[in-house]
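The structure appears right after this line, and notes come after that.
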Amino acid sequence: MIIDKAEVIVTSPDRNFVTLRITTDDGLVGIGDATLNGRELAVVAYLQEHVAPLLLGADASRIEDMWQFLYRGAYWRRGPVTMAAIAAVDMALWDIKGKAAGMPVYQLLGGASRDGLMAYGHASGKELPEIFDSIRAHQEKGFRSIRVQTGVPGLKAIYGIASQGADVGDGSVRYDHEPARRGARPTQEDWDTRAYLRHIPTVFEAVRNEFGPELPLLHDGHHRMTPLQAAKLAKSLEPYDLFWLEDCTPAENQEALKLVRQASTTPLAIGEIFNTYWDYKDIIANQLIDYVRSAVTHTGGISHMKKLMDYAAMFQIKSGFHGPTDVSPVGMAAAMHLGLAIHNFGIQEYMQHGERTNQVFRQTFTWNDGYLHPGDEPGLGVTLDVDEAGKYPYEQAYLPFNRLADGTVHDW
Ligand code: KDG
Ligand code: MG
């Protein structure tokens, strides 16, 4: 199992994806996701210029050793670009190991701890009727847990609302295009935290009244609050019994999250922009979060995330792996295999890729009655159709950003 080819494939069926494809001398092929939304080519360069040459001639079976070599051997540690590149190598090697063993990756991680993975979808709308329709549409698609994002009176454009998304060509407007719109410059949105804090509890009250107490509801604060504002929001949402409040602060100042904890029992989920388990060290040990939000793609791959989740388990903290459409089907498959195997699985984000993406990445996962399963094909269960991928060249795309009324750039 000597690596004799390492190729980086960039494709943009519905949005940009970066995939590492490793081939061994005995003909095994493994793929890994290296997509870093809005900064895709930085990882392409890191992989092509600095990692791929090191892979050639290496033993594909030594996954842990390769991880340590790429991490420790580089001298420069951590960061989203490095960790996405290492994640792609790690995923591709697990894919190869599964194929060599004739087993799905979750079996190699200890086997299934459950029958399926409960997943949540993204409902949104500018106003209540639209939000209610969006929740119902997600329920009809099988979702049993729903994230709710809302417009705020007075604000023209807010991240995460589907109706602001781009037409994807089939006549429908999809949220999955909004996070990184194609174009030469990022689009600008507006923001007012006080207006948001006033409005959000009214939305969750209405949603609870309409849909009852059972439906697990989630909300993403997208890092926009100070600790005090986050405490206020978590407290005001307490009556509506959220499954979680996500990214209530940027979480760079982790100590400050104690303020949120002291004010409220609303569960907190953080970590989609973290990239190593060291980022989580204190936040977990101090019991400041309830769910780990990392993507396998952005946090060093399956090997590193398994260690992170084992550490989190000591503190009864569960997974809530990142699964927006900018995590490719390969990254999603890696999350599903890991989520199925670990005991402390919590929930899986699942935004659903578009048809073009599903043609490029052929998948074996199943979606039944609100539960995902990665399938039982050897490896990760995803095949990259290179000819299909070639039809969709890279297109520059940026995440939006926001400014306050006086023109100040605000937290993402
Ligand atoms: O790349 C950024 C998006 O993936 C992110 O904004 C989506 O916040 C997000 C989420 O929770 O899925
Ligand atoms: Mg988020």
Side-chain angles (χ1 to χ4, degrees), residues 12 14-18 33-43 79-81 83-84 87 119-124 134 138 143 145-150 157-162 164-166 174-182 186-187 189 191 196 200 216-225 230 233 242-251 267-275 279 289-299 319-332 335 346-354 357 396-402 410-412:
S12 193
D14 295 301
R15 57 185 311 142
N16 293 316
F17 296 111
V18 179
D33 179 25
T35 309
L36 190 61
N37 195 14
R39 294 291 186 272
E40 296 88 356
L41 299 187
V43 192
V81 175
M83 298 310 289
Y120 73 90
H122 286 205
S124 69
S134 178
H138 278 81
F143 285 100
S145 310
I146 313 269
R147 182 182 103 156
V148 176
Q149 301 299 123
T150 172
I158 295 187
Y159 180 75
I161 311 299
Q164 295 166 189
R174 294 177 65 98
Y175 164 58
D176 67 329
H177 264 242
E178 197 218 348
R181 280 201 199 117
R182 288 162 170 171
T187 54
E189 301 180 340
W191 186 247
Y196 166 78
I200 287 283
L217 295 173
L218 303 85
H219 179 68
D220 193 340
H222 288 126
H223 328 259
R224 294 187 183 194
M225 285 156 276
L233 178 64
L242 262 58
F243 186 96
W244 78 35
L245 171 62
E246 175 185 345
D247 286 337
C248 61
T249 74
L268 301 180
I270 287 185
E272 70 178 50
I273 60 169
F274 290 3
N275 43 69
D279 298 334
I289 56 169
D290 302 282
Y291 295 93
V292 164
R293 277 292 285 146
S294 271
V296 180
T297 305
H298 304 134
T299 312
S319 69
F321 297 150
H322 200 208
T325 48
D326 48 275
V327 168
S328 90
V330 189
M332 279 300 289
I347 198 167
Q348 174 62 52
E349 181 180 21
Y350 177 42
M351 265 181 82
Q352 302 188 314
H353 289 107
T357 299
Q396 186 144 35
Y398 285 101
L399 282 146
F401 75 108
N402 63 87
H410 188 62
D411 282 314
W412 198 87

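Counting convention: from 1, in listed order, for ligands and their atoms alike. Starting from 1, each residue takes its place in the sequence as its number.
Counting only distance, with no hydrogens or angles, the side chain of T35 and the backbone of V18 share a donor-acceptor pair below 3.5 Å. Side chain of D33 to main chain of S328: a donor-acceptor pair is present (N/O by atom type, distance under 3.5 Å, no hydrogens or angles).
Close N/O approach between Y120 and ligand 1 is not found [any backbone or side-chain N/O within under 3.5 Å]. Taking distance alone, with nitrogen or oxygen atoms compared against 3.5 Å, W412 stays at or beyond that limit from ligand 1.
Looking at H219 and E246, their side chains never bring a donor and an acceptor atom within 3.5 Å of each other.
Taking the side chain as every heavy atom from C-beta outward, I273 and W412 never approach each other to under 4.5 Å.
Of all atoms in ligand 1, numbered sequentially from 1 with element shown, those under 4.0 Å from a heavy atom of N37 are 1 (O), 2 (C). Below 4.0 Å from some heavy atom of E246 lie the following atoms of ligand 1, by number and element: 11 (O). Heavy-atom proximity to Y159, at under 4.0 Å, picks out these atoms of ligand 1: 3 (C), 5 (C), 6 (O), 7 (C). Close contacts of ligand 1 with R147, meaning ligand atoms under 4.0 Å from a residue heavy atom, involve 10 (C), 11 (O). For ligand 1, the atoms sitting less than 4.0 Å from at least one non-hydrogen atom of D326 are 1 (O), 3 (C), 4 (O), numbered in the order shown with element in parentheses. Taking a cut-off of under 4.0 Å to the non-hydrogen atoms of D220, the atoms of ligand 1 that pass are 8 (O), 9 (C), 10 (C), 11 (O).
Residues G271 and S294 share a closest heavy-atom pair of O-OG, 3.3 Å.
Considering only non-hydrogen atoms, atom 10 (C) of ligand 1 lies nearest to E349 out of H223, H222, E349.
Classification of the H353-F17 ring pair by plane angle, with boundaries at 30° and 60°, yields perpendicular. Using cut-offs of 30° and 60° for the angle between ring planes, the Y196 and W191 rings count as tilted. Taking the six-membered ring where the residue is Trp, H322 and H298 present tilted rings, their angle falling between 30° and 60°.
Residue-ligand proximity: R293 is placed with a non-hydrogen atom under 4.0 Å from ligand 1.
Counting just the N/O/S atoms of D220, the one with the shortest distance to the Mg ion (ligand 2) is named OD2.
Between E246 atom OE2 and E272 atom OE1, the angle centred on the Mg ion (ligand 2) amounts to 80° (nearest 10°).
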